[in-house]
Amino acid sequence: MADSRDEPLVLGIETSCDETGVGIVRGHTLLADAVASSVDAHARFGGVVPEIASRAHLEAMVPTIDRALREAGVSARDLDGIAVTAGPGLAGALLVGVSAAKAYAYALGKPVYGVNHLASHICVDQLEHGALPEPTMALLVSGGHSSLLLAPDITADVRPLGSTIDDAAGEAFDKVARVLNLGFPGGPVIDRYAREGDPEAIAFPRGLTGPRDAPYDFSFSGLKTAVARWIEAKRNAGEEVPVRDVAASFQEAVTDVLTRKAVRACRDEGVDHLMIGGGVAANSRLRAMAERRCEDAGITLRVPRPKLCTDNGAMVAALGAEMVARNRNASSWDLPADSSLPVTEPHLPAEPGWDGGHGHGHSHDHDHVHELSRKNLYA
């Protein structure tokens, strides 16, 4: 049996939205998952404010990396590489993470891997259930994304089958929670109230489920509007709004569409595994409905534990470790932060022939800068 220390040791940095996540992974083993959240700073605005998120990342970055290294019991010198979310996400927030990753990688003389946020959400399941089957069907549901993806190779070949054409599922949860005066973020609180409500109390619409609709695309804008109008009608009539029933019926409408389309995609593509990731994957009703429908269809369901479903550095480290294990090219020092990075690009490799500044022909000045950087890092 191979020594686990022979597996890639990678640190991952995630700053696509309001979570500063730093994870450390050795192969498929999670060693550390440190998160600093700025969600409280956004709550009074009812959503994430990009400038506030970026500033919070700046303040949290170094302490969170230090905490992750301590938790993992490793030195920065031991790392085989540093992975970072290069996109998609908020441009300013991404830039903080990418800049930090490049600075640490340069100072340590390690390769840096700019990876895709969505592909990372898929890859994190390896930390829970082992190597991903190939191909893997993935349903990713979060505040910014509702996507069905087919991944024959998580490091190089991810194919979009369907996505949201308006509001993502998580965004709809936030907006409905706001109309119900339940606060932000909406996902956890809707889930909590829904447990005490009747999911069949109100017949809310299911978007894009007609015979001529796109089979794998999602639309939750009409549902969100229908819920808001139903609540408004109740209030205008002077009637009490049954918050728990509204929450349960809305949640049922969302999870019904998500799971129905995911199972259909598995059947159509001949895939017998379904992975669900993203923040909304922590929803208890989505997990229960997916489990029942997958069991009925003979599909194996893989869902990471809730903490690994939300944005975190562990998922980025997991994909980075897979990049190292499969000898994928590292990124170059001009790695950009791309807020609209397509999922078809699981990572942003350097051009062929690039040696990361560590090969032949680099200057004495370059060596000197590396040495100064290392001294400053370890000071």
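All residue numbers refer to positions in the sequence shown, counting from 1.
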Under 4.0 Å between a Lys/Arg side-chain N and an Asp/Glu carboxylate O for [X] and [Y]?
X: Glu322; Y: Arg326; answer: yes
X: Arg55; Y: Glu59; answer: no
X: Lys175; Y: Glu171; answer: yes
X: Lys261; Y: Asp268; answer: no
X: Asp191; Y: Arg195; answer: yes
X: Lys234; Y: Glu239; answer: yes

Nearest heavy-atom neighbours spanning [X] and [Y]:
X: Gly144; Y: Ala168; result: C-CB, 3.6 Å
X: Ala321; Y: Pro8; result: O-CG, 3.7 Å
X: Ser249; Y: Asp198; result: OG-O, 3.2 Å
X: Cys309; Y: Val303; result: SG-CG1, 4.4 Å
X: Thr64; Y: Val22; result: CG2-CG2, 3.6 Å
X: Thr85; Y: Val98; result: O-CG2, 3.7 Å

I'd like to know if the side chain of [X] reaches the main chain of [Y], judged simply by a donor and an acceptor atom lying under 3.5 Å from each other, with no hydrogens or angles considered.
X: Thr136; Y: Pro133; result: yes
X: Arg287; Y: Ala281; result: yes
X: Asp272; Y: Thr300; result: no
X: Glu128; Y: Arg305; result: yes
X: Lys224; Y: Ala172; result: no
X: His57; Y: Cys17; result: yes
X: Asp245; Y: Ala201; result: no
X: Ser146; Y: Ala169; result: yes
X: Ser54; Y: Ala93; result: yes
X: Thr20; Y: Ala60; result: no

Counting C-beta onward and ignoring hydrogens, is there a side-chain heavy-atom pair between [X] and [Y] closer than 4.5 Å?
X: Ser147; Y: Val343; result: no
X: Asn283; Y: Ile190; result: no
X: His121; Y: Met275; result: no
X: Glu134; Y: Pro152; result: no
X: Asp166; Y: Ser219; result: yes
X: Glu351; Y: Ser332; result: no
X: Val84; Y: Leu335; result: yes
X: Asn116; Y: Pro88; result: yes

To the nearest 0.5 Å, tell me how far [X] [atom1] sits from [Y] [atom2].
X: Asp256; Y: Thr209; atom1: CG; atom2: OG1; result: 8.0 Å
X: Cys123; Y: Ile154; atom1: SG; atom2: CD1; result: 5.5 Å
X: Phe220; Y: Arg206; atom1: CZ; atom2: CZ; result: 10.5 Å
X: Leu139; Y: Leu161; atom1: CG; atom2: CG; result: 11.0 Å
X: Thr310; Y: Leu308; atom1: OG1; atom2: CG; result: 7.5 Å
X: Glu291; Y: Leu274; atom1: CD; atom2: CG; result: 12.0 Å

Check against side chain to side chain contact (heavy atoms under 4.5 Å, CB included), Asp338 and Ser340:
CA-CA 5 Å; Asp338 186 347; Ser340 57; 3.3 Å; yes
Please assess Arg264 against Tyr216 for the test side chain to side chain contact (heavy atoms under 4.5 Å, CB included), listing each intermediate value before the final yes or no.
CA-CA 8 Å; Arg264 177 179 178 179; Tyr216 308 132; 4.3 Å; yes
Membership question, hydrophobic clusters at under 4.5 Å side-chain separation (ILVMFWY): are [Y] and [X] in the same one?
X: Leu150; Y: Leu132; result: no
X: Leu258; Y: Leu208; result: no
X: Phe218; Y: Met289; result: no
X: Val74; Y: Leu30; result: no
X: Val48; Y: Val176; result: no

Is the distance between the ring centroids of Phe173 and Phe250 under 6.0 Å?
yes
Between Val25 and the options Leu127, Val10, Leu31, the side-chain contact (heavy atoms from CB on, under 4.5 Å) test singles out Leu127
Give the intermediate values and the outcome of side chain to side chain contact (heavy atoms under 4.5 Å, CB included) for residues Tyr104 and Val112.
CA-CA 9 Å; Tyr104 273 86; Val112 62; over 6 Å; no
Side chain to side chain contact (heavy atoms under 4.5 Å, CB included) assessment of Thr15 paired with Met61
CA-CA 9 Å; Thr15 62; Met61 183 59 63; 3.6 Å; yes
Could you walk me through whether Arg328 and Thr155 pass the side chain to side chain donor-acceptor pair (under 3.5 Å) test, one step at a time?
CA-CA 8 Å; Arg328 302 302 183 202; Thr155 66; 2.8 Å; yes
Arg293 versus Thr259, side-chain donor and acceptor atoms under 3.5 Å:
yes
